[in-house]
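Counting from 1, the numbers follow the sequence of the chain as shown.
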Amino acid sequence: MAASAAGERSVEDLTARARIRDAALALFAERGMDRATIRDIAKAAGVSGGLVRHHFGSKDGLRAACDSYALDQLMQIKEQAVDGQLANPSFMSAAHPTVLLLYRYLARSLVDGSPAAAAMFDEMVELGEAWLATHNPGQMADPRGYSAVLVAMQTGMLMMHGQLSRWLGADIFTAEGHLRLTEAMIDFFSQPLLSPELAEQARAAVAHLQAQQPAAGRPAT
């Protein structure tokens, strides 16, 4: 569809684009990236395959749009939650189905070993590092390392959803299973596993081992 004189697409065009993206995200989450076809996505969105290509160019382009949208939506929900909406039952009730869908999508998007999966992981680490700089400045000795480990832990739970669901007694991509998982994560993040004394001892041990490593680019003697 033609763009307006201001360079912005029509409302109808934007709505079609959003329908395609939403249909693709749902089918990618259900079937995986390889098994969801352009034809299936177009049918679910109520548009032609040509319109899908018009908006996104290819399935890779559509996937990139879904990746960006999924991360943006999760970050918006997280920001709203920590800004006071966590105590609002209606907000959480409305957001929870979206969170479940986005987690199912991430579980598919991050496991195929593609450059797109690697790029998405990298972006999640960068977003986490920026979040720490805003909400927990100066609290982590290595913010980038902390963010990378945290993203790996959280996405690892999604990838191991079969095993985790079996132990929790409910599929973690359902409301029941995800809520039990969330309760466990609240305990995990709110109860330190190391006392300050043990943490200092562990850091000293790591520093000692690091001091024994050869300098970068110089062979050990």
Side-chain angles (χ1 to χ4, degrees), residues 8 11 14-15 17-26 28-30 64-110 119-161 164-165 167-196 199:
E8 297 179 354
V11 172
L14 290 172
T15 301
R17 181 181 176 88
R19 287 205 317 272
I20 295 167
R21 181 205 61 218
D22 292 349
L25 196 147
F28 286 152
E30 177 187 345
C66 289
D67 283 354
S68 178
Y69 178 76
L71 290 184
D72 181 65
Q73 287 295 104
L74 284 173
M75 289 303 296
Q76 284 189 36
I77 292 170
K78 186 174 182 180
E79 289 282 0
Q80 290 172 341
V82 299
D83 285 344
Q85 290 297 323
L86 190 60
N88 180 352
S90 62
F91 169 80
M92 297 309 299
S93 295
H96 197 221
T98 300
V99 170
L100 290 175
L101 171 61
L102 296 176
Y103 279 173
R104 287 195 298 270
Y105 176 81
L106 291 179
R108 294 284 194 179
S109 182
L110 287 164
M120 191 173 196
F121 184 90
D122 293 348
E123 185 174 357
M124 292 172 74
V125 173
E126 290 170 359
L127 287 170
E129 191 174 10
W131 174 276
L132 290 173
T134 300
H135 296 278
N136 305 92
Q139 292 187 19
M140 309 304 171
D142 179 6
R144 174 160 291 237
Y146 183 97
S147 180
V149 171
L150 182 60
V151 169
M153 289 171 59
Q154 293 183 321
T155 57
M157 288 189 291
L158 303 180
M159 296 175 195
M160 300 286 288
H161 73 273
L164 189 53
S165 297
W167 275 96
L168 294 179
D171 188 338
I172 64 169
F173 293 149
T174 65
E176 177 188 2
H178 183 256
L179 290 173
R180 185 170 183 196
L181 170 64
T182 301
E183 284 185 313
M185 290 177 63
I186 291 169
D187 284 342
F188 183 85
F189 286 113
S190 62
Q191 304 294 330
L193 297 177
L194 295 179
S195 67

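- In terms of heavy atoms, S147 sits closest to E129 at OG-N, 3.3 Å.
- No more than 12 heavy atoms of other residues, nucleotides or ligands shown are found within 6.0 angstrom of CD on E176.
- Between F121 and A148, the shortest heavy-atom contact is CZ-O, 3.9 Å.
- Between A94 and P97, the shortest heavy-atom contact is O-CD, 3.5 Å.
- Note that CG of L127 is 10.0 Å distant from CG of L74, once rounded to the nearest 0.5 Å.
- R21 contributes no side-chain N or O that, together with a main-chain N or O of A65, makes up a donor-acceptor pair within less than 3.5 Å.
- The residue from V125, T155, L110 that alone fulfils the side-chain contact (heavy atoms from CB on, under 4.5 Å) condition with M120 is L110.
- Atom CE of residue M185 and atom OG of residue S190 lie 11.5 Å apart, to the nearest 0.5 angstrom.
- Rounding to the nearest 0.5 Å gives a distance of 10.5 Å between CZ of R104 and NE2 of H161.
- The distance from atom OG of S109 to atom CG of L102, rounded to the nearest 0.5 Å, is 11.5 Å.
- The side-chain hydrogen bond (donor to acceptor under 3.5 Å, both in side chains) contacts involving residues 80-100 comprise Q85-N88, N88-S90, H96-H178, where partners must be two or more places apart or lie in separate chains.
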Checklist line | Worked check of side-chain contact (heavy atoms from CB on, under 4.5 Å) between L181 and Y103 | finding: CA-CA 13 Å; L181 170 64; Y103 279 173; over 6 Å; no
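- D171 and S165 get closest at one heavy-atom pair: CA-OG, 3.4 Å.
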Note to self: I'd like to know whether F28 forms a side-chain contact (heavy atoms from CB on, under 4.5 Å) with D67, so could you lay out the CA-CA distance, the side-chain angles of the two residues, the decisive distance to 0.1 Å, and finally the verdict.
What the structure shows: CA-CA 11 Å; F28 286 152; D67 283 354; over 6 Å; no
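- Distance check, rounded to the nearest 0.5 Å: CG of L25 to CD1 of I20 gives 13.5 Å.
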Check: Please walk me through it: do L86 and F91 pass side-chain contact (heavy atoms from CB on, under 4.5 Å)?
Finding: CA-CA 7 Å; L86 190 60; F91 169 80; over 6 Å; no
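- Formation of a donor-acceptor pair under 3.5 Å by the R108 side chain with backbone atoms of E30 is found in this model.
- To the nearest 0.5 Å, atom CE of residue M153 and atom CZ of residue F188 are 3.5 Å apart.
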Notebook entry, point to check: Checking side-chain contact (heavy atoms from CB on, under 4.5 Å) for the pair L71/M124: CA distance, chi angles, key distance, verdict?
Noted result: CA-CA 8 Å; L71 290 184; M124 292 172 74; 3.5 Å; yes
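- Scanning both residues, L100 and A175, for their nearest heavy atoms gives CD1-N, 3.7 Å.
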